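All chains are named by letter (A, B, ...) in the order of the sequence lines, taking the proteins before the strands, and each is independently numbered beginning at 1. Bear in mind that the values here come from a model prediction, so they are computed numbers and not experimental data.
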Protein chains: 2
Amino acid sequence: MSGYVSDAVIRRLPAYYRHLRELENDGVTQISSQELGERMGLTPSQIRQDINTFGGFGRQGYGYQVHDLKEHIHKIMGLDRDHRMVIIGAGRIGQAIANYAGFAVQGFHTVALFDIDPVKIGQSTEALPIYPAEELLLRLADLQPDICVLALPKEAAQQTLDLLYQAGIRGIWNFAPVDLHFPRDMVVVNVHLSDSLQILSYQMNHQKE
Amino acid sequence: MSGYVSDAVIRRLPAYYRHLRELENDGVTQISSQELGERMGLTPSQIRQDINTFGGFGRQGYGYQVHDLKEHIHKIMGLDRDHRMVIIGAGRIGQAIANYAGFAVQGFHTVALFDIDPVKIGQSTEALPIYPAEELLLRLADLQPDICVLALPKEAAQQTLDLLYQAGIRGIWNFAPVDLHFPRDMVVVNVHLSDSLQILSYQMNHQKE
DNA sequence: TAGATTGTTAATCGATTAACAATC
DNA sequence: TAGATTGTTAATCGATTAACAATC
């Protein structure tokens, strides 16, 4: 069904999902590539190409069923299963992620945090346990996460990733400001906040030319 | 000096900066496109093309001066000035950003937060004031931020952006999970955390095929 | 000078846009 | 049937890679 999907398309999938969900909430049941394109800031052509990466979902002369298309993308992204997340680093960012209700609603459940700071340990954030980092390996077997979130200082990121790989973890959501090295059968997605802020700065700087 | 710079290059600038800074810290003073490429996962060709977007920084037979190149990119990104940030929404994400020391070090200083929740108001996070959202417009003149951070529910994001535009703000760092509409002379950079997590999910799902 | 490596032009590759026949 | 809009092929555009003469 779905062969090779380019990175460009993959990066747009969440936006498709977001817009289709909104449309559905607004009671829209059907939409053309023209309308969806206007809404998302893409050409109708690109919308059709993107959607056809996964197979025929439209009907000529009519458009796309909002609900069906949304559900399909939902499934493609693997959002029909639950994910268990462990957050390593219980600083402000780690805790913000742990407690953001939006993730849980989408099936991403934080099951525990880890930290090296003895002050933070035990001090559960809204019923979530914070364990000492040294118990990480030991507890992973029980916790059974499929995703680990790196919300720790950059110096500790690579060694932690290596350890997690040994422990069988294959999905990493990295907030540390480093480019990590990892085996081909591991997936790492970065959230480089400083990079994002620097891009904003660049664009503000080169605005008025 | 620098004419049109493609988005692809702009998105790589922070990574260049990051790697050059690391190299400098490690005492490396000179580097070839070959070596830098290996380190960053880019081809030497691409490194040279990217750097030459801004003008000749290398020396044939030798390579690039790490310090000079780093400084130049620093300047290009506008990191040689200070930025004043106001954060709208003093929830966990807003507060995490407000207190992340890494931004201040780079010249991005949070000067205040705003929130609609009376419980949060006044309750300063490490010496930062939290003002009621209704005073936003009133206080912006004094606060003089150039960047506003949207860390509020998606329902309030668009109307807040519109108001900020009216108040003369031209830089928005948006954490709300929506695609905002904005005038051409405004710069908006998104951090769509859910999108990022969904991409991770997609890639884990399509890993073993 | 000889060797190395840039700056830059040309070739390739991939992604986006345009066009249009197929069909609901 | 006529009109609309898809699915898909072809054209275009832009970004990446390769090649090599210039030069440190």
N or O in side chain of A:Q60 less than 4.0 angstrom from C:dA22 OP1/OP2: no
Under 3.5 Å on both distances, the Watson-Crick or G-U partner of C:dA15: D:dT12
Short side-chain N/O contact from B:Q46 to OP1 or OP2 of D:dT16, under 4.0 Å: yes
N or O in side chain of B:T43 less than 4.0 angstrom from D:dT17 OP1/OP2: yes
Pair B:Y165-B:D185, side-chain donor/acceptor within less than 3.5 Å: yes
Earlier contact from the 5' end, DNA chain C, for B:Y62 and B:S45: B:Y62
B:D50 CG - C:dT6 C1' separation (whole Å): 15 Å
Nearest-angstrom distance from the residue atom CZ of A:F54 to P of D:dT6: 17 Å
Nucleotide D:dT5, atom C1' - distance to CZ of A:F57 in whole Å: 17 Å
Under 4.0 angstrom between A:R48 side-chain N/O and D:dG7 OP1 or OP2: no
Side-chain N or O of A:S33 closer than 4.0 Å to phosphate OP1/OP2 of D:dT5: no
Sugar-phosphate, base or nothing in reach of B:Q49, heavy atoms under 4.0 Å: base
Side chain of B:A8 - closest among D:dT8, D:dA18, D:dA15: D:dA15
Inter-residue atom distance B:D26.CG - B:T29.OG1, 0.5 Å rounding: 12.0 Å
Length of the line joining A:Q34:CD and D:dG7:C1', which is rounded to integer Å: 16 Å
Whole-Å gap separating C1' (C:dT16) and CD1 (A:I51): 15 Å
Distance-only polar pair, side chains of B:Q166 and B:D162, donor-acceptor under 3.5 Å: no
Base-pairing assignment for C:dA21 (Watson-Crick or G-U wobble, both under 3.5 Å): D:dT6
Steps toward side-chain hydrogen bond (donor to acceptor under 3.5 Å, both in side chains) verdict (A:Q207, A:Q203): CA-CA 6 Å; A:Q207 173 77 309; A:Q203 290 181 337; over 6 Å; no
D:dG7 phosphate, OP1 or OP2, under 4.0 Å from A:Y64 side-chain N/O: yes
Ring-ring centroid check B:F108 B:W173, cutoff 6.0 Å: no
Length of the line joining B:I31:CD1 and C:dT5:P, which is rounded to integer Å: 11 Å
Contact under 4.0 Å: B:R59 side-chain N or O vs C:dT6 OP1/OP2: no
Of the listed nucleotides D:dT16, D:dG7, D:dT5, the one nearest the side chain of A:S32: D:dT5
Per A:Y4 side chain, nearest of listed nucleotides D:dA18, D:dT9, C:dA15: C:dA15
Atom-to-atom span, CD of A:Q30 to P of C:dC24 - whole angstrom: 16 Å
Spacing between A:N52 atom CG and C:dT16 atom P, to the nearest angstrom: 15 Å
Residue list, side chain to side chain contact (heavy atoms under 4.5 Å, CB included) with B:Q46, at least two apart or on another chain: B:R12, B:L42, B:T43, B:D50
